[in-house]
A.B. asks: 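What follows is a single structure, and I will ask about it in a moment.
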Amino acid sequence: MYQTITASLVGAATALTMLAGAAAAQDWRGWNIHVEGYPNTVAMDRFAELVEEKTDGEITLQMFHGGTLGSQPDAIEQVRLGGLAVGNFNLGPIGPIVPEANVVSLPFIFKNVEHMFRVLNGEGGQMIADGMEAKGLIPLAWYDAGARSFYNGDGPIASPEDVEGMKVRVMNNDLYSGMIAEMGGNPSPMAFAEVYQALQTGVVDGAENNWPSYESTGHYEVAPFFSVSEHLIIPECLCINADAFNGLSEEHQAAVREAAVESAELQRELWAEREAASRETVEGAGVTVNEIADKAPFQEAMQPVYETYLAENPDLRPLVELIQSTD
Ligand code: GTR
């Protein structure tokens, strides 16, 4: 009898310990759109390792790469709602949900990538992060995504007039559709995964992206003219569901944030290398690179895009001006 009671007490205690353990341990799932070896993929895997290490295995993260868990707009919703814990997102498709974050999708708003990071590290970055958190997403760190330029199959784009009548794939965001329409082109919002085939079959005539994505997707094979317009410099985030993050202990919050910052440092290093390597790869494959000496006509053509954005978001004028006046 005595033994039976002891045994069941021990059993109950074990079950309780297991339960407590289960409540503390967290198994996260993460989304990423890119292929193996891409800087963001490597950096998100590193984030997963670091989170596990720094929380002594109390938080684990399983990463799903290549967009296997869905398109980017869907994945953003999933992280907002908590179906997924984390994701590496471009701020382009976050813009339609978070007006403050949409400011980075104004063409030519940043002078270069360094300027973008200076803004993100200051008050402007805080305003963007606060806007995102209010919509359920916390940006733990910022990734580099370089500058985006136009590419197509028919010949170089040297001036906005060359875009006239062209069907151009853009990410889902009205600002990008406006950007193409202002040059007389036909914007075609479409998921990243569909672009190769759309270019190949002529559903679109062109698209726009940075060097690494132009190369990793093979778009250069079907759109071999790359015109260096650098019309958009859009940051990316390592984003987490706000409730998941705010529900962590202070120690775990610090550990996860540290892991994200280290992951971003790695991403930016790898990004610099990959930008150069991708350019070399596509040039080696016969891509014609058209440097655009004078970008002023493109910048002027974008004025109506700014006017529409500011008319729809008058309260964000200070943020636009803050970015424009940041050195
Ligand atoms: C890439 C970016 C992806 C995705 C893609 C696109 O540069 O890293 O997150 O936004 O562009 O054009 O859809």
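Order of appearance sets the numbers: ligands from 1, and atoms from 1 within every ligand. Nothing here was measured: the structure is a model prediction, and the numbers come from that model.
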A.B. asks: Evaluate Ser213 for polar contact with ligand 1, using N/O atom pairs at a separation under 3.5 Å.
C.D. replies: yes

A.B. asks: Nearest protein heavy-atom contact for atom 6 (C) of ligand 1: which residue, which atom, what distance?
C.D. replies: Phe192 CD1, 3.3 Å

A.B. asks: Do Asn290 side-chain atoms and Ile157 backbone N/O form a donor-acceptor pair below 3.5 Å?
C.D. replies: yes

A.B. asks: With the side chain counted from C-beta on, respond yes when Pro212 and Tyr38 share a heavy-atom pair under 4.5 Å apart, and no when they do not.
C.D. replies: yes

A.B. asks: So is Glu208 close enough to ligand 1, meaning a heavy atom under 4.0 angstrom away?
C.D. replies: no

A.B. asks: Would the distance check show the side chain of Arg268 and the main-chain N or O of Trp142 forming a donor-acceptor pair, the cut-off being under 3.5 Å?
C.D. replies: yes

A.B. asks: Hey, does Glu236 come in under 3.5 Å of ligand 1, counting only N/O atoms on both sides?
C.D. replies: yes

A.B. asks: Only heavy atoms of Asn90, strictly under 4.0 Å: list the atoms of ligand 1 that pass.
C.D. replies: 2 (C), 9 (O), 10 (O)

A.B. asks: Backbone or side chain, does any N or O of Arg148 fall under 3.5 Å from an N or O of ligand 1?
C.D. replies: yes

A.B. asks: Between Lys111 and Thr326 (side chain of the first, backbone of the second, donor and acceptor by atom type, cut-off under 3.5 Å), is there such a pair?
C.D. replies: yes

A.B. asks: Below 4.5 Å, heavy atoms only, C-beta onward: do Lys54 and Glu262 meet side chain to side chain?
C.D. replies: yes

A.B. asks: Can the positive tip of Arg317 be found less than 6.0 Å from the middle of the six-membered ring of Tyr309, inside 45° of the ring normal?
C.D. replies: no

A.B. asks: Distance under 4.0 Å to a non-hydrogen atom of Met171: what atoms of ligand 1 satisfy this?
C.D. replies: 6 (C), 10 (O), 12 (O), 13 (O)

A.B. asks: Give the single entry among Arg169, His34, Gln72, Glu194 that approaches atom 4 (C) of ligand 1 most closely by any heavy atom.
C.D. replies: Gln72

A.B. asks: In ligand 1, which numbered atoms sit nearer than 4.0 Å to a non-hydrogen atom of Asn210?
C.D. replies: 7 (O)

A.B. asks: For atom 11 (O) of ligand 1, which candidate among Val170, Ile234, Asn209 provides the closest heavy atom?
C.D. replies: Asn209

A.B. asks: Verify, without hydrogens or angle tests, whether Tyr214 (side chain) and Ala223 (backbone) share a donor-acceptor contact under 3.5 angstrom.
C.D. replies: yes

